[in-house]
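Proteins get letters first, then strands, A, B, ... in listed order; numbering begins at 1 in each.
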Amino acid sequence: MKIYNTFSKTKEEFVPLNPPNVSFYVCGPTVYDYFHIGNARSFVMADIARKYLEFKGFIVNFIMNITDIDDKIIKKSINEKKSTREIADFFTAAFKEDLKRLYIKPATLHPKATEHIEDIVLMIKQLIEKGYAYEVDGTIFFDISKFKDYGKLSGKNLEELEAGSRIDINENKRNPLDFVLWKKAKENEPEWDSPWGKGRPGWHIECSAMSCKHLGETIDIHAGGNDLIFPHHENEIAQSEAANGKKFVRYWMHFGFLNFQNEKMSKSLGNFFTTREILSKYSTEAIRLFFSQTHYRGPLNFSEELLAAAEKGADKIRNFALRINEELSKDLQEDGYPDFKIKSFYDEFTIAMDDDLNTPQAVATIFNFMREVNKVLDSGTKVNSKFLEDVKKFMKDTAQNVLGIVNFEKLTSNKKEALDDKLIEILIEIRQTLKKEKNYQLADIIRDRLNELGIVLQDKKEGTSYIRK
RNA sequence: GGCGGCGUAGCCAAGUGGUCUAAGGCGAAGGUCUGCAAAACCUUUAUUCGUCGGUUCGAAUCCGACCGCCGCCUCCA
């Protein structure tokens with residue numbers, strides 16, 4: 001299997017440090033708000049990468065951090081007159097809920113910054129001892145001039161960075177590009193004790209400390225959005241490698257942006273849709289299909305039209321799954337395995353995914369597979385349960401357990417659930433007409449049949465309403 | 001200014017030297033099936049891959065120039 005490594009800018013054969021184990025770290029959210037559908041793209045693609053590694057037989061230790069203390073959380077806590085903890089806890093819960101609705105497999109662990117202050121302080125201490133960091137009045141900075149590889153991941157050149165720098169000159173910094181490891185506490189802000197007085201960790205250090213603690217000094221895969229390459233991941237490399245003296249990450253994976261009207265979707269631009277908003281209109285399967293139909297490194301434009309098209313595609317897969325289940329429920333004969341090579345579809349799927357997670361190609365394989373199976377079923381050939389079980393297994397192994405574009409355990413879409421109410425309204429309307437025509441027999445059939453489904457009609461003067469039993 | 005990416009059918013999008021007269025999805029047209037539908041299936045929908053040159057027996061794929069779009073260089077998935 002090949003993975004594109006941002007560090008080398010080439011596709012590399014993936015070989016973990018300690019097979020079959022894989023250590024996988026993904027930069028998670030700062031919990032100050034609901035995450036948007038652009039963030040969801042990264043989380044879903046990381047989930048697909050993780051699940052495909054598991055499909056290949058790897059045992060993945062999947063860590064996704066939660067940044068639960070930072071400027072934005074503090075700002076929100078002041079605006080809403082709540083503690084930073086309340087804000088963080090609320091949005092952490094919302095985050096986990098949304099991940100679940102996106103069919104994202106729970107991480108092995110979601111470490112929180114505030115629960116790793118000791119580890120962070122320890123790492124900063126090491127950096128100071130080794131001469132990579134310096135203190136100015138209770139604040140600790142990383143001295144990038146001491147780390148000779150700085151800029152290697154992002155391809156930045158230090159002189160040019162400084163020349164074109166838009167960073168405010170901080171009098172305390174030796175170099176404008178030096179970054180904060182530990183922030184001196186301000187009044188009314190959360191604070192923790194440290195050898196340099198009260199304060200709180202800078203943003204970059206938590207990932208270095210937590211990934212080291214939970215995955216070790218050298219990890220196999222570190223993933224995140226394209227916008228994290230610089231400075232966040234560059235800084236992580238500097239901190240981790242300076243402190244540990246070892247290679248930090250073996251494969252760097254970065255996800256392309258989700259754009260809206262050709263511009264990067266982001267909180268600061270305000271051109272975003274929250275994931276929950278989108279989940280209320282489109283099925284998880286459609287959202288994941290939408291993401292899977294584009295390669296993870298490229299840009300992807302978001303629009304409701306495209307999502308609606310993906311929903312149609314998801315419907316097609318859903319119909320297929322329903323058909324297989326229906327066939328399986330019939331009385332089946334022992335023999336009747338058609339001339340059909342499921343293995344070749346597994347091969348095609350694997351070849352596609354092995355090539356730097358070519359999900360569009362993998363999706364195409366699944367659609368081709370469904371068409372071929374439908375042809376067999378349409379031909380009227382008797383098929384046995386073994387064949388149908390194999391078909392179902394293929395769909396579960398690939399479309400469900402890796403891509404997450406179908407769910408045999410839940411073969412209705414969110415959209416369809418939302419449709420239920422409208423459908424009942426239509427039945428009530430028809431029944432109203434029947435009543436006017438005094439066709440009470442049919443009207444009663446509608447009422448009785450709905451009743452059997454747990455929907456109780458109530459005829460009142462002002463019209464018909466209904467309740468669910 | 002520096003670094004990186006992108007431009008393939010009506011739309012989305014794989015493919016990155018020959019099997020490409022280019023996968024798959026959505027849409028559209030016609031057909032099979034059906035009482036009519038739906039679902040499914042079949043056929044059609046790019047001789048062409050931003051433009052112009054070049055390399056090559058051969059290019060969507062490599063090189064050069066140009067045009068257009070986007071991202072990072074500040075918090076950001």
Flag the pair [X] and [Y] as a salt bridge only when some basic side-chain nitrogen lies within less than 4.0 angstrom of an acidic carboxylate oxygen.
X        : Y        : answer
A:Lys51  : A:Asp47  : yes
A:Glu234 : A:Lys152 : no
A:Asp378 : A:Arg323 : yes
A:Lys2   : A:Asp354 : no

Review point. Are side-chain N/O atoms of A:Asp143 and A:Asn175 paired as donor and acceptor at under 3.5 Å?
Key: no

Review point. Do you see a donor-acceptor pair shorter than 3.5 Å between the side chains of A:Gln400 and A:Tyr103?
Key: no

Considering every strand and a 4.0 Å limit on heavy-atom distances, what is the contact class for [X]: base, sugar-phosphate, or nothing?
X        : result
A:Gly224 : sugar-phosphate
A:Ser154 : sugar-phosphate
A:Met45  : nothing

Practice item. Take A:Arg371 and A:Asn374 through the side-chain hydrogen bond (donor to acceptor under 3.5 Å, both in side chains) test and state the conclusion after the steps. Key: CA-CA 5 Å; A:Arg371 188 173 57 245; A:Asn374 273 325; over 6 Å; no

Euclidean distance for [atom1], [N] against [M] (whole angstrom):
N     : M     : atom1 : result
B:A59 : B:G54 : C1'   : 12 Å
B:G10 : B:U51 : C1'   : 22 Å
B:C62 : B:U8  : P     : 16 Å
B:G50 : B:C70 : C1'   : 15 Å
B:A38 : B:G30 : P     : 13 Å
B:A9  : B:U34 : P     : 39 Å
B:G71 : B:U16 : C1'   : 22 Å
B:U19 : B:G53 : C1'   : 29 Å

Practice item. Decide yes or no on ring pair (Phe, Tyr, Trp, His ring centres under 6.0 Å) for A:Phe55 and A:Phe349, but give the supporting numbers first. Key: CA-CA 11 Å; A:Phe55 170 92; A:Phe349 177 81; 5.6 Å; yes

Exercise for review: For nucleotides 5-23 of chain B, just jot down a letter per nucleotide in 5' to 3' order: B, S or -, based on protein non-hydrogen atoms under 4.0 Å.
Suggested key: -------SSSS-------B

Practice item. Check the pair A:Phe260, A:Phe272 against ring pair (Phe, Tyr, Trp, His ring centres under 6.0 Å), reporting the backbone distance first and the verdict last. Key: CA-CA 8 Å; A:Phe260 182 64; A:Phe272 65 91; over 10 Å; no

Point to revise | Base-paired stems that RNA chain B participates in, counting runs of 3 or more Watson-Crick or G-U pairs under 3.5 Å | key: B:1-7 with B:67-73, B:10-12 with B:24-26, B:27-32 with B:40-45, B:50-54 with B:62-66

Revision key, fill the gap. Assert: residue with more 5' nearest nucleotide on RNA chain B, out of A:Phe367 and A:Gly38, is A:Phe367

Point to revise | Side chain proximity check, A:Thr275 to A:Phe35, heavy atoms < 4.5 angstrom | key: yes

Practice item. Without swapping roles, check the side chain of A:Thr381 against the backbone of A:Leu377 for a donor-acceptor pair under 3.5 Å. Key: no

Point to revise | Residues which pass side chain to side chain contact (heavy atoms under 4.5 Å, CB included) with A:Glu277, listed by chain and number, not counting sequence neighbours | key: A:Phe273, A:Thr274

Review point. Cation-pi between A:Lys156 and A:Phe230: NZ/CZ under 6.0 Å from ring centre and within 45° of the ring axis?
Key: yes

Practice item. Establish, yes or no, whether the cationic atom of A:Lys173 lies under 6.0 Å from the six-membered ring centre of A:Phe141 and within 45° of the ring axis. Key: no

Check your understanding: With respect to the phosphate group of B:G25, does any side-chain polar atom (N or O) of A:Lys316 fall under 4.0 Å of OP1 or OP2?
Key -> yes

Check your understanding: Heavy-atom contacts under 4.0 Å between residues 252-262 of chain A and RNA chain B, which residues?
Key -> A:Gly256, A:Phe257, A:Leu258, A:Asn262

Practice item. Kindly state which residues belonging to residues 372-383 of chain A come within less than 4.0 angstrom of RNA chain B, counting heavy atoms of the residue only, listed by number. Key: A:Asn374, A:Lys375, A:Asp378

Exercise for review: Give the intermediate values and the outcome of side-chain hydrogen bond (donor to acceptor under 3.5 Å, both in side chains) for residues A:His254 and A:His233.
Suggested key: CA-CA 10 Å; A:His254 289 99; A:His233 289 161; 2.8 Å; yes

Practice item. Taking atom NZ of A:Lys343 as the centre, report whether more than 12 heavy atoms of other residues, nucleotides or ligands fall under 6.0 Å from it. Key: no

**Study point:** Whether over 12 other heavy atoms sit under 6.0 Å from A:Gln441 CD
**Key:** no

Give me, pair by pair, the N or O atoms of the protein and of nucleotides 27-30 of chain B that are less than 3.5 Å apart, along with how far apart they are.
unit_1 : atom_1 : unit_2   : atom_2 : d
B:G27  : OP1    : A:Lys312 : NZ     : 3.0

Practice item. Kindly say whether, by distance alone, the side chain of A:Lys156 makes a donor-acceptor pair under 3.5 Å with the base of B:C72? Key: yes

